[in-house]
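Report on the structure given below.
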Amino acid sequence: HVQLVESGGGSVQAGGSLRLSCAVSGFNYRNYCMAWFRRAPGKEREGVASIVRGGVSTYADSVKGRFTVAKDDATNTLYLQMNNLKPEDTAMYYCAATPSGIWYIGSRSLASDVYNSWGQGTQVTVS
């Protein structure tokens with residue numbers, strides 16, 4: 001049973017930083033594409049960053065240069081380091097994983113329909 005559990009959200013002032021974590025269990029996630037998405041109130045879910053085996057990552061234009069996605073194979077944890085946070089980054093953040101053996105890079109990797117496993121989310125509020 002695939003399980004993704006996010007943590008690390010909170011409230012921070014503009015310009016501050018947060019690091020989100022996603023604990024992964026139930027599968028060998030090295031063979032998947034994993035990503036962070038977010039949904040702000042009244043807006044559609046947005047792909048933020050993705051990473052695949054070998055460490056190739058993709059970022060939404062809105063977070064390039066500020067966010068960094070990484071994965072720790074030893075602990076089966078996905079991270080999202082968020083620096084220089086802005087009020088428009090306020091949202092619920094989710095981690096997601098693709099089915100076994102499926103991965104993408106580039107803009108396709110930020111599309112929610114390629115992912116079939118999702119965490120419960122962690123709230124980030126920037127004021």
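Numbers here simply count residues along the sequence, with the first being 1.
- Nearest heavy-atom pair across Cys22 and Leu4 is SG-CB, 3.9 Å.
- No side-chain heavy atom of Glu6 sits less than 4.5 Å from a side-chain heavy atom of Tyr93.
- Taking all atoms of both residues into account, the shortest heavy-atom contact from Thr90 to Val126 is OG1-N, 2.8 Å.
- Under a 3.5 Å cut-off, the side chain of Thr58 and the backbone N or O of Gly106 do form a donor-acceptor pair.
- Within the 4.5 Å cutoff, side-chain heavy atoms of Tyr59 are placed close to those of Thr68.
- Within the 4.5 Å cutoff, side-chain heavy atoms of Leu78 are placed close to those of Ile51.
- Asp89 and Lys86 are not joined by a salt bridge, as no carboxylate oxygen comes within less than 4.0 angstrom of a charged side-chain nitrogen.
- Ser21 and Thr77 make their closest contact through CB-CG2, 4.2 Å (heavy atoms, listed as atom of the first residue, atom of the second, distance).
- Looking at heavy atoms from C-beta onward, Ser112 lies out of side-chain contact with Tyr94 at the 4.5 angstrom threshold.
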Requested in this report: For side chain to side chain contact (heavy atoms under 4.5 Å, CB included), just list the numbers for Val124 and Arg38, CA-CA rounded to whole Å, side-chain angles, deciding distance to a tenth of an Å, and then say yes or no.
Outcome: CA-CA 9 Å; Val124 172; Arg38 65 186 181 187; over 6 Å; no

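- Considering every non-hydrogen atom in both Lys71 and Gly54, the closest pair reads NZ-N, 4.4 Å.
- The shortest heavy-atom contact between Met92 and Gln123 is SD-N, 3.5 Å.
- Contact annotation: the side chain of Tyr115 approaches that of Ser109 to within less than 4.5 Å [non-hydrogen atoms, C-beta and beyond].
- Minimum interatomic distance between Cys33 and Tyr104 (heavy atoms only, all atoms of both residues): SG-O, 3.7 Å.
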Show every donor-acceptor pair shorter than 3.5 Å between a side-chain atom in residues 8-17 and any protein atom, with sequence neighbours excluded, or say none if there are none.
residue, atom, partner, partner atom, Å
Ser17, OG, Asn83, OD1, 2.9

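- Taking the six-membered ring where the residue is Trp, the centroids of Trp118 and Phe37 are separated by under 6.0 Å.
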Query - Stepwise side chain to side chain donor-acceptor pair (under 3.5 Å) test for Ser62 and Glu46 - result: CA-CA 10 Å; Ser62 58; Glu46 172 191 22; 3.3 Å; yes

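- Of the listed residues (Ser117, Ser25, Ser100, Pro99), just one forms a side-chain contact (heavy atoms from CB on, under 4.5 Å) with Val2, and that residue is Ser117.
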